[in-house]
There are 2 protein chains.
Amino acid sequence: MMNPLVQIFKALSDPNRIRIIKMLEIKPLCVCEITAILNLATSTVSKHLSILKEAGFIFEQKEGKWVNYHLNRATQQQEVRELLLLTLKNGINDPMIQADREKIKSVDRATICSG
Amino acid sequence: MMNPLVQIFKALSDPNRIRIIKMLEIKPLCVCEITAILNLATSTVSKHLSILKEAGFIFEQKEGKWVNYHLNRATQQQEVRELLLLTLKNGINDPMIQADREKIKSVDRATICSG
DNA sequence: CTTTCATTTCGTTAATGAGCGAAATGTACA
DNA sequence: TGTACATTTCGCTCATTAACGAAATGAAAG
């Protein structure tokens with residue numbers, strides 16, 4: 001339906017989606033954890049995740065009632081792999097990214113979800 | 001004003017801008033040549049070029065009454081350089097890209113502009 | 001089988017971006 | 001200086017996308 005390279009670039013051209021990728025670099029997270037950190041509606045975060053998944057950057061894995069999202073570091077799509085690496089290399093000094101990563105440490109899904 | 005990485009990805013997330021980059025791979029072109037090949041309004045093409053220029057992918061050089069746009073292959077911005085290479089590697093088999101490149105051969109700016 | 005709860009889908013609104021034509025700009029050249 | 005012409009900027013319209021809340025889904029656990 002769309003030039004695949006363009007689809008991949010579109011997936012990366014939103015600040016919240018970049019934040020998600022850089023959070024998942026630390027560890028896999030479920031939707032409600034990401035929601036708590038980004039401070040957005042759950043439905044919005046779910047949509048962002050589906051866009052990243054469609055493009056090939058992340059995959060999901062069910063764990064009990066949660067859906068954990070993982071970075072797809074070992075994807076067969078070479079462009080996706082290269083772009084993921086480029087994104088991970090970047091933005092280390094961005095205060096927003098650093099703050100997100102700090103929050104991840106103190107996030108507990110059992111407390112946050114259904115809070 | 002905006003996360004620089006996001007700005008770079010945004011610049012690449014439009015099919016016509018990808019076409020422009022892949023045309024400029026063949027040779028530098030002026031606005032009216034690009035306009036003739038993409039079949040868009042001049043003002044639209046000018047906007048696309050300014051977005052690519054802002055992001056660092058291309059630069060301009062005046063030649064008489066024409067403004068030639070060049071790929072910025074030697075840019076100091078490492079991410080831009082990497083993304084440019086990735087884009088150039090890709091889409092070689094896209095029929096649209098191939099058609100654009102065919103047209104470039106037969107385009108003569110003196111005839112096309114002010115036509 | 002029913003309840004619970006994380007997640008997704010749906011419908012809508014608001015913001016962003018692509019496209020156009022017309023007017024403005026700026027430069028080469030008569 | 002003035003004209004011609006490539007390009008840019010402006011104002012607008014239409015399409016796309018992000019965001020939300022509400023309703024639907026689906027799976028785990030009672």
Side-chain angles (χ1 to χ4, degrees), chain A residues 1-3 6-21 24 28-55 58-70 107-115, chain B residues 1-3 6-21 24 28-55 58-70 107-115:
Chain A
M1 72 152 237
M2 184 206 264
N3 180 335
V6 171
Q7 187 197 356
I8 289 171
F9 286 136
K10 265 191 207 295
L12 295 176
S13 59
D14 178 277
N16 287 321
R17 289 197 288 270
I18 297 290
R19 287 173 72 187
I20 290 174
I21 287 180
L24 295 182
L29 296 167
C30 70
V31 181
C32 71
E33 288 171 317
I34 297 170
T35 301
I37 294 168
L38 292 183
N39 208 24
L40 291 174
T42 316
S43 55
T44 304
V45 171
S46 179
K47 189 75 206 308
H48 281 311
L49 289 166
S50 84
I51 290 171
L52 287 172
K53 191 178 72 173
E54 272 300 302
I58 62 178
F59 65 90
E60 56 183 81
Q61 198 164 41
K62 294 221 61 171
E63 177 195 340
K65 48 183 176 177
W66 289 288
V67 178
N68 288 327
Y69 282 90
H70 300 248
V107 154
D108 172 30
R109 68 176 61 177
T111 340
I112 281 188
C113 308
S114 71
Chain B
M1 72 154 236
M2 184 205 265
N3 180 333
V6 170
Q7 186 194 1
I8 289 170
F9 287 135
K10 267 191 206 293
L12 296 175
S13 60
D14 178 277
N16 287 322
R17 288 197 289 270
I18 298 289
R19 287 172 72 187
I20 290 174
I21 287 180
L24 294 182
L29 296 167
C30 70
V31 181
C32 72
E33 288 171 316
I34 298 171
T35 300
I37 295 169
L38 292 184
N39 208 25
L40 291 174
T42 316
S43 55
T44 304
V45 171
S46 178
K47 189 76 208 304
H48 281 312
L49 289 166
S50 84
I51 290 170
L52 287 172
K53 191 177 72 173
E54 273 300 302
I58 62 178
F59 65 90
E60 57 183 81
Q61 199 165 42
K62 296 221 59 170
E63 177 195 340
K65 49 182 174 177
W66 290 289
V67 177
N68 289 326
Y69 282 90
H70 301 247
V107 154
D108 173 31
R109 69 176 60 176
T111 341
I112 280 187
C113 309
S114 71

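Each chain gets a letter, A, B and so on, in the order the sequences are listed, and its residues count up from 1. Everything quoted here is computed from the prediction, not taken from an experiment.
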Regarding the side chain of B/H48, the nearest nucleotide among C/dT7, D/dA18, C/dA18 is C/dA18
Side chain to side chain contact (heavy atoms under 4.5 Å, CB included) filter on A/E54, not counting sequence neighbours, yields A/Q7
The complete set of salt bridge (charged side-chain N to carboxylate O under 4.0 Å, His left out) pairs with one or both residues in residues 6-17 of chain A, sequence neighbours excluded, reads none
Double-helix bend of the helix from C/dC1-D/dG30 to C/dA30-D/dT1, axes at both ends from 5 pairs, round to 10°, gives 30°
| message | Looking at A/K10, I'd like to know whether one of its side-chain N or O atoms comes within less than 4.0 Å of OP1 or OP2 on D/dT17. | response | yes
When A/K62, A/Q61, A/E33, A/R109 are each screened for side-chain hydrogen bond (donor to acceptor under 3.5 Å, both in side chains) with A/N68, the one that passes is A/R109
Residues passing the salt bridge (charged side-chain N to carboxylate O under 4.0 Å, His left out) test with B/K65, sequence neighbours excluded, are none
Checking D/dT8, D/dA18, C/dT8 against the side chain of B/Y69 (C-beta onward), the nearest is D/dT8
task = For A/K47, report the nucleic acid contact type (base, sugar-phosphate, nothing); a contact means any heavy atom under 4.0 Å.
result = nothing
Below 4.0 angstrom from OP1 or OP2 of D/dA19, is there any side-chain N or O of A/N16?
yes
Which of C/dT8, D/dA6, C/dA18 is nearest the side chain of B/K65? It is D/dA6
Within residues 38-46 of chain A, the residues having a heavy atom closer than 4.0 Å to DNA chain C are A/T42, A/S43, A/S46
Those residues at least two apart in sequence (or on a different chain) that pass side chain to side chain contact (heavy atoms under 4.5 Å, CB included) with B/S43 are B/A41
